[in-house]
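Take this structure, written in structure tokens, and hold onto it; I'll ask about it next.
The chains referred to below are lettered A, B, ... by the order of the sequence lines, with proteins before strands, and numbering in each begins at 1.
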Protein chains: 2
Amino acid sequence: MSKKQTYSIGELAREFDVTTRTIRFYEDQNLVNPARRGQTRVYSPADRVTLKLILRGKRLGFSLAESRELIQMYQPSGDNRNQLLALQDKIQQRREQLNQQLRDIQALQQELDDADQRCEDALTALEKPDHV
Amino acid sequence: MSKKQTYSIGELAREFDVTTRTIRFYEDQNLVNPARRGQTRVYSPADRVTLKLILRGKRLGFSLAESRELIQMYQPSGDNRNQLLALQDKIQQRREQLNQQLRDIQALQQELDDADQRCEDALTALEKPDHV
DNA sequence: CGCATACTTTACGTTAACGTAAACTTCCCC
DNA sequence: GGGGAAGTTTACGTTAACGTAAAGTATGCG
């Protein structure tokens with residue numbers, strides 16, 4: 001009982017809440033390459049994972065080129081020493097960027113908390129306009 | 001001895017590693033509004049903070065419109081009840097988005113660690129091509 | 001004074017990431 | 001067999017966020 005799972009473009013579009021145009025565009029950019037049954041595209045689980053990675057990248061503000069790079073990082077492509085070292089270098093750079101993003105998020109969270117608190121204060125001040 | 005600190009556009013551009021064009025563009029978008037001494041723009045510490053917030057937003061993948069919204073959140077603008085509630089709602093939405101980004105970052109960090117480990121393995125495998 | 005440096009305005013150009021429209025094929029269903 | 005739903009190709013349009021170039025002004029300096 002093999003998995004044999006495949007997906008139509010519409011299914012994936014619904015699942016990830018994007019348009020079919022978007023998915024075809026990603027194919028145009030060589031980010032995903034579905035099989036064909038006649039004219040119709042047939043997507044594999046691997047394609048689906050790739051889509052997921054792209055959309056996660058988007059949520060983090062990555063360009064498609066950056067996401068492509070990241071995806072390729074997961075397949076070391078049996079390289080030579082220099083390529084492996086270069087890859088590690090890129091990985092390290094990404095790590096540092098992610099750490100920066102972490103710091104940014106924490107700072108922003110703190111500020112949102114403060115802003116929320118000010119709202120709260122303003123609201124309670126509205127309920128008792130004076131000192132009562 | 002008042003602070004009286006001001007900045008030229010070039011100073012800010014150098015500090016934040018952006019072009020002066022970029023800073024003028026932000027002014028065009030009403031994100032920052034420097035004073036003028038004659039023709040020349042004179043930036044205040046507040047302008048500088050705004051710039052910082054915009055660039056932090058960019059690192060998190062925010063559009064300028066989103067960063068503008070965030071910046072405005074920090075100045076509740078003595079509103080009425082409904083506006084305050086709407087603001088709290090937006091704050092909450094941002095919080096959820098930030099939490100999603102946190103999860104995305106953690107997943108990505110794990111994958112980078114794995115990829116790095118595979119590089120490491122491939123490199124040591126290169127040093128001893130056989131089992132020695 | 002002449003020149004460099006830093007500023008200014010105006011305006012057209014560019015890139016990424018799709019949107020949108022038109023015109024077609026395929027398949028299923030009653 | 002006439003439609004409707006989902007798929008396809010082709011191609012031009014759009015928006016954000018600046019880049020880039022031209023042409024002018026102000027200021028210090030050797």
Side-chain angles (χ1 to χ4, degrees), chain A residues 5-44 47-48 50-72 94 97 100-101 104, chain B residues 5-44 47-48 50-72 94 97 100-101 104:
Chain A
Q5 180 72 295
T6 65
Y7 312 88
S8 77
I9 194 170
E11 282 171 354
L12 291 180
R14 250 168 284 133
E15 175 175 0
F16 293 122
D17 196 31
V18 298
T19 68
T20 60
R21 174 68 175 95
T22 296
I23 299 182
R24 292 198 193 94
F25 176 74
Y26 293 159
E27 181 178 355
D28 214 64
Q29 305 295 307
N30 289 320
L31 287 164
V32 72
N33 51 341
R36 298 281 181 140
R37 210 179 50 185
Q39 286 268 75
T40 304
R41 290 167 174 81
V42 178
Y43 294 87
S44 70
D47 291 322
R48 185 169 163 279
T50 300
L51 264 179
K52 239 184 191 169
L53 293 179
I54 295 171
L55 299 177
R56 189 181 66 190
K58 281 193 65 175
R59 289 196 297 271
L60 292 176
F62 294 178
S63 69
L64 294 185
E66 289 175 307
S67 286
R68 188 200 337 270
E69 244 201 29
L70 280 170
I71 292 170
Q72 287 166 351
R94 278 295 155 200
Q97 188 201 332
Q100 177 62 52
Q101 286 191 305
D104 287 334
Chain B
Q5 181 71 293
T6 65
Y7 312 89
S8 77
I9 194 170
E11 283 171 352
L12 292 180
R14 250 167 285 135
E15 174 175 1
F16 293 122
D17 196 31
V18 297
T19 68
T20 59
R21 173 69 176 95
T22 295
I23 298 181
R24 292 197 192 95
F25 176 73
Y26 292 160
E27 181 179 356
D28 214 62
Q29 305 295 307
N30 288 318
L31 287 164
V32 72
N33 50 342
R36 298 282 179 138
R37 210 180 51 186
Q39 285 269 76
T40 304
R41 291 168 174 80
V42 177
Y43 294 87
S44 70
D47 289 322
R48 186 169 163 279
T50 300
L51 263 179
K52 238 185 193 169
L53 294 179
I54 294 171
L55 298 177
R56 189 182 66 190
K58 281 193 66 175
R59 290 196 297 272
L60 293 176
F62 294 179
S63 70
L64 294 185
E66 288 175 308
S67 285
R68 189 202 334 270
E69 244 201 30
L70 279 170
I71 292 170
Q72 287 167 350
R94 278 294 154 200
Q97 187 201 332
Q100 177 62 51
Q101 285 191 305
D104 288 333

Donor-acceptor side-chain pairing of A:D47 and A:T50 below 3.5 angstrom
no

Nucleotide nearest B:L64 when distance is taken to its side chain, options C:dT20, D:dC18, C:dT8:
D:dC18

List the atom pairs, with distances to 0.1 Å, where a side-chain N or O of residues 8-15 of chain A and a protein N or O form a donor-acceptor pair under 3.5 Å, not counting sequence neighbours.
from	atom 1	to	atom 2	distance (Å)
A:S8	OG	A:G10	N	3.4
A:S8	OG	A:E11	N	3.1
A:E11	OE1	A:S8	N	3.0
A:E15	OE1	A:R48	NE	3.2
A:E15	OE2	A:R48	NE	3.1
A:E15	OE2	A:R48	NH2	2.6

Ignoring hydrogens and angles, answer whether the base of C:dT9 and the side-chain atoms of B:R24 contain a donor-acceptor pair closer than 3.5 Å.
no

Would you indicate, yes or no, if D:dA17 has its OP1 or OP2 atom less than 4.0 angstrom from a side-chain nitrogen or oxygen of B:T22?
no

Flag, side chain of A:Q29 to backbone of A:L64, donor-acceptor distance under 3.5 Å:
no

More than 12 foreign heavy atoms under 6.0 Å from CZ of A:R36: is that the case here?
yes

Within the 4.0 Å heavy-atom criterion, would you say A:R36 contacts the bases, only the backbone, or no part of the nucleic acid?
sugar-phosphate

Counting only side-chain nitrogens and oxygens, does B:R41 get under 4.0 Å of the OP1 or OP2 atom of C:dT8?
yes

When rounded to whole Å, the OH to P distance for the pair A:Y43 and D:dA6 reads 16 Å

Rounded to whole Å, how long is the line connecting atom CZ of B:R14 with atom P of C:dC7?
7 Å

Starting at OH of A:Y26 and ending at P of C:dG19, how long is that distance when rounded to a whole Å?
9 Å

At under 4.0 Å, does any side-chain N or O of A:T19 touch on OP1 or OP2 of C:dG19?
yes

I want to verify a distance call: between C:dC18, D:dC18, D:dT8, whose nearest atom is closest to the A:K58 side chain?
C:dC18

Over how many whole Å does the gap from B:R37 atom CZ to C:dA6 atom P extend?
16 Å

In whole angstroms, how far is the P atom of D:dG24 from the CD atom of B:Q39?
15 Å

Minimum-distance pair of heavy atoms, taken over all atoms of A:Q101 and B:R59:
NE2-O, 2.8 Å

In whole angstroms, how far is the P atom of D:dG19 from the CZ atom of B:R21?
8 Å

For A:R68 and C:dA16, what is the distance between atoms CZ and P respectively, to the nearest whole Å?
10 Å

When you measure from the side-chain N and O atoms of A:S8 to the phosphate of D:dG7, is any distance below 4.0 Å, counting only OP1 and OP2?
yes

From CG of B:D28 across to C1' of C:dA11 the rounded distance in Å is 12 Å

Reckon A:S63 touches a base, only the sugar-phosphate, or nothing at all at heavy-atom distances under 4.0 Å?
sugar-phosphate

For B:T40 and for A:T40, locate the closest nucleotide of DNA chain D by heavy-atom distance; then report the residue assigned to the nucleotide nearer the 5' terminus.
A:T40

